[in-house]
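Notes follow once the structure below has been shown.
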2 protein chains.
Amino acid sequence: MNEAKAPETEKAEPFQRLGEIGLSNFAPYLMNRIMGRYNADLRQEMTGLGLTTPKMRALAVLSVIDDLPISDLAVYAVVEQSTLSRALDQLASDGLVRRAPDPNDSRVTRIGITDTGRAALDQLWPSMARIYAQMFKDIPDEERQAFVTTLQKMLKNIRKHDF
Amino acid sequence: MNEAKAPETEKAEPFQRLGEIGLSNFAPYLMNRIMGRYNADLRQEMTGLGLTTPKMRALAVLSVIDDLPISDLAVYAVVEQSTLSRALDQLASDGLVRRAPDPNDSRVTRIGITDTGRAALDQLWPSMARIYAQMFKDIPDEERQAFVTTLQKMLKNIRKHDF
DNA sequence: CAAAATAATATGCATTTGCAATTATAAATC
DNA sequence: GATTTATAATTGCAAATGCATATTATTTTG
């Protein structure tokens with residue numbers, strides 16, 4: 001391969017260009033590469049279960065934080081609101097989630113996961129756990145925890161909502 | 001918020017469930033959240049320049065490693081090969097890249113970035129650098145470097161190609 | 001408290017995407 | 001060395017996506 005080598009002097013310029021940093025030192029690039037594989041691998045497992053990425057993400061979030069307004073769920077699940085709306089149509093008609101009007105604000109629809117929904121996610125979870133384990137293979141616990149700590153800071157830095 | 005708390009007692013399972021780990025401790029979740037924002041923010045900047053995510057990713061990779069076969073470029077750029085094929089149609093007709101048959105293997109088309117292509121990427125780079133800086137705001141250099149080191153290990157663990 | 005601005009969700013529609021099939025070339029096998 | 005198998009790239013097509021908009025409800029403002 002012919003990747004440009006990193007320069008010896010790593011001085012504080014206004015900002016380095018991508019060619020100077022190098023793809024393999026540019027965190028967003030590496031993260032896109034890793035999550036591209038993670039999501040593609042997971043998608044393979046989902047198709048057998050009749051799930052798509054938006055549907056799976058909604059279920060995964062709801063399995064941890066139930067009864068969310070759709071707009072919040074869209075943020076947590078990293079799915080466009082309109083895409084999520086349609087994914088929820090399918091999940092609801094398959095009985096994996098249920099829509100319930102918010103009693104305090106009738107603009108809001110809250111989404112709850114059903115037992116069937118939890119069961120569907122349970123079926124997928126072994127695959128998720130396997131890919132997750134593969135990702136951190138030979139990476140010590142301490143390093144993984146430091147990594148997660150940095151991720152949490154990054155999310156705080158970049159997010160546009162309070163959560 | 002109403003995140004479920006971990007149960008007090010749980011029998012020794014082969015692996016924890018997502019609810020036990022919690023979204024904010026699950027690295028793939030955090031990474032999807034962060035990259036979702038990063039990519040959405042960047043997309044905003046790209047539209048003004050007539051770029052899309054696949055087109056921008058192809059250019060970004062080529063600015064570092066030029067003259068790649070399309071299939072390799074698809075891996076580097078994290079874009080489906082068929083999507084990339086069409087993105088290259090547009091980039092080529094806009095003069096940002098050029099297709100050249102590989103002399104050794106006539107199945108292969110190699111893609112080169114043009115000066116115009118580099119110029120287009122240069123126009124976007126300040127925005128990329130700004131979002132990148134925002135992401136790592138208040139995160140010390142040492143921590144960022146450790147983070148990147150972990151990312152590199154993770155990519156090695158999960159990737160399906162040699163690069 | 002009426003009017004205007006904001007917010008939550010759903011939907012119409014054009015574009016984009018990804019899978020599968022196609023075409024063309026190279027490598028492997030017998 | 002002819003035939004089978006594998007690889008690279010493109011393309012047809014159905015499905016998914018995202019933007020803009022519509023609809024309904026709430027909050028803010030004058």
Side-chain angles (χ1 to χ4, degrees), chain A residues 32 36-37 39-48 50-58 67-94 97-112 160-163, chain B residues 32 36-37 39-48 50-58 62 67-93 97-112 160-163:
Chain A
N32 267 327
R37 265 266 59 86
N39 290 319
D41 287 352
L42 204 49
R43 190 152 7 132
Q44 295 242 51
E45 312 284 343
M46 292 182 323
T47 46
L51 290 176
T52 61
T53 298
K55 293 207 278 181
M56 175 277 286
R57 288 188 178 176
D67 256 325
L68 283 172
I70 292 175
S71 51
D72 288 3
L73 182 55
V75 175
Y76 276 111
V78 196
V79 176
E80 277 290 318
Q81 191 266 328
S82 61
T83 302
L84 179 61
S85 179
R86 285 182 264 246
L88 292 173
D89 288 344
Q90 296 182 48
L91 286 172
S93 77
D94 290 350
V97 304
R98 119 182 49 75
R99 281 184 162 98
D102 186 297
N104 300 322
D105 184 340
S106 46
R107 292 171 301 183
V108 172
T109 302
R110 285 180 176 270
I111 306 297
K160 299 248 161 76
H161 296 81
D162 301 332
F163 52 85
Chain B
N32 268 327
R37 266 265 60 85
N39 290 318
D41 288 352
L42 204 48
R43 192 150 9 136
Q44 295 241 60
E45 311 284 343
M46 292 182 323
T47 45
L51 290 176
T52 62
T53 297
K55 294 206 277 180
M56 173 277 286
R57 287 187 178 176
L62 292 170
D67 255 326
L68 283 172
I70 292 175
S71 52
D72 288 3
L73 182 55
V75 175
Y76 277 111
V78 195
V79 176
E80 277 290 319
Q81 198 263 343
S82 62
T83 301
L84 179 60
S85 179
R86 284 182 265 245
L88 292 174
D89 288 344
Q90 296 181 49
L91 287 173
S93 78
V97 304
R98 114 183 56 74
R99 282 183 162 99
D102 186 297
N104 301 322
D105 185 338
S106 47
R107 292 171 301 183
V108 172
T109 302
R110 286 180 175 269
I111 307 296
K160 298 248 161 76
H161 297 80
D162 300 332
F163 51 86

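Worth saying up front: this structure is predicted, and the values here are computed from it rather than measured. A, B, ... follow the sequence lines: proteins, then strands. Residue 1 opens every chain.
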**Prompt:** Does the side chain of Leu88(B) reach to within under 4.5 Å of the side chain of Thr109(B), using non-hydrogen atoms?
**Reply:** no

**Asked** Within the pair Ser71(A) and dT9(C), is there a side-chain N or O less than 4.0 Å away from OP1 or OP2?
**Response** yes

**Prompt:** Just to confirm, is there a sub-4.0 Å distance from OP1 or OP2 of dT10(D) to any side-chain nitrogen or oxygen of Arg99(B)?
**Reply:** yes

**Item:** Results of side chain to side chain donor-acceptor pair (under 3.5 Å) for Arg107(B) - residues two or more places apart only
**Value:** Asp105(B)

**Request:** Measure the angle between the two terminal helix axes of the helix from dC1(C)-dG30(D) to dC30(C)-dG1(D), five base pairs each, and quote it to 10°.
**Result:** 30°

**Prompt:** Is there a side-chain contact between Arg99(B) and Ile111(B) (heavy atoms, below 4.5 Å)?
**Reply:** yes

**Message:** If I take atom CD in residue Gln81(A) and atom P in nucleotide dG18(D), what distance separates them, rounded to the nearest angstrom?
**Reply:** 12 Å

**Message:** Using a 4.0 Å heavy-atom cut-off, does Ser82(A) contact any base of the nucleic acid, only the sugar-phosphate backbone, or nothing at all?
**Reply:** base

If you restrict it to nitrogen or oxygen atoms, what contacts under 3.5 Å exist between nucleotides 23-27 of chain D and the protein, and what is each distance?
| from | atom 1 | to | atom 2 | distance (Å) |
| --- | --- | --- | --- | --- |
| dA25(D) | O3' | Ser106(A) | OG | 2.6 |
| dT26(D) | OP1 | Ser106(A) | N | 3.0 |
| dT26(D) | OP1 | Ser106(A) | OG | 2.6 |

**Request:** Look at the side chain of Arg43(A) against the base of dG18(C) and say whether a donor-acceptor pair falls under 3.5 Å; ignore hydrogens and angles.
**Result:** no

**Message:** Would you say that Thr52(A) contacts Gln90(A) through its side chain, given a criterion of any heavy-atom pair below 4.5 Å between the two side chains?
**Reply:** no

**Asked** Should Arg57(A) and Leu42(A) count as side-chain neighbours, where that means a heavy-atom distance under 4.5 Å?
**Response** no

**Message:** Has Arg110(B) got a side-chain atom pairing as donor or acceptor with Asp67(B)'s backbone, closer than 3.5 angstrom?
**Reply:** yes

**Prompt:** Between dT16(C) atom P and Leu84(B) atom CG, what is the distance in whole Å?
**Reply:** 15 Å

**Asked** Choosing from dG18(D), dT9(C), dT10(D), which nucleotide comes nearest the side chain of Glu80(A)?
**Response** dG18(D)

**Prompt:** Do the side chains of Lys160(A) and Asp41(B) get nearer than 4.5 Å, heavy atoms only?
**Reply:** yes

**Asked** Are any of Thr83(B)'s side-chain N or O atoms less than 4.0 Å away from OP1 or OP2 of dG18(C)?
**Response** yes

**Prompt:** How many Å lie between CG on Asp72(B) and C1' on dA9(D), as a whole number?
**Reply:** 13 Å

**Prompt:** Taking the nucleotide of DNA chain C with the closest heavy atom to each, which residue, Arg86(B) or Val108(A), is nearer the 5' end?
**Reply:** Val108(A)

**Prompt:** With a 4.5 Å limit on heavy-atom distance, are the side chains of Met56(A) and Val79(A) in contact?
**Reply:** no

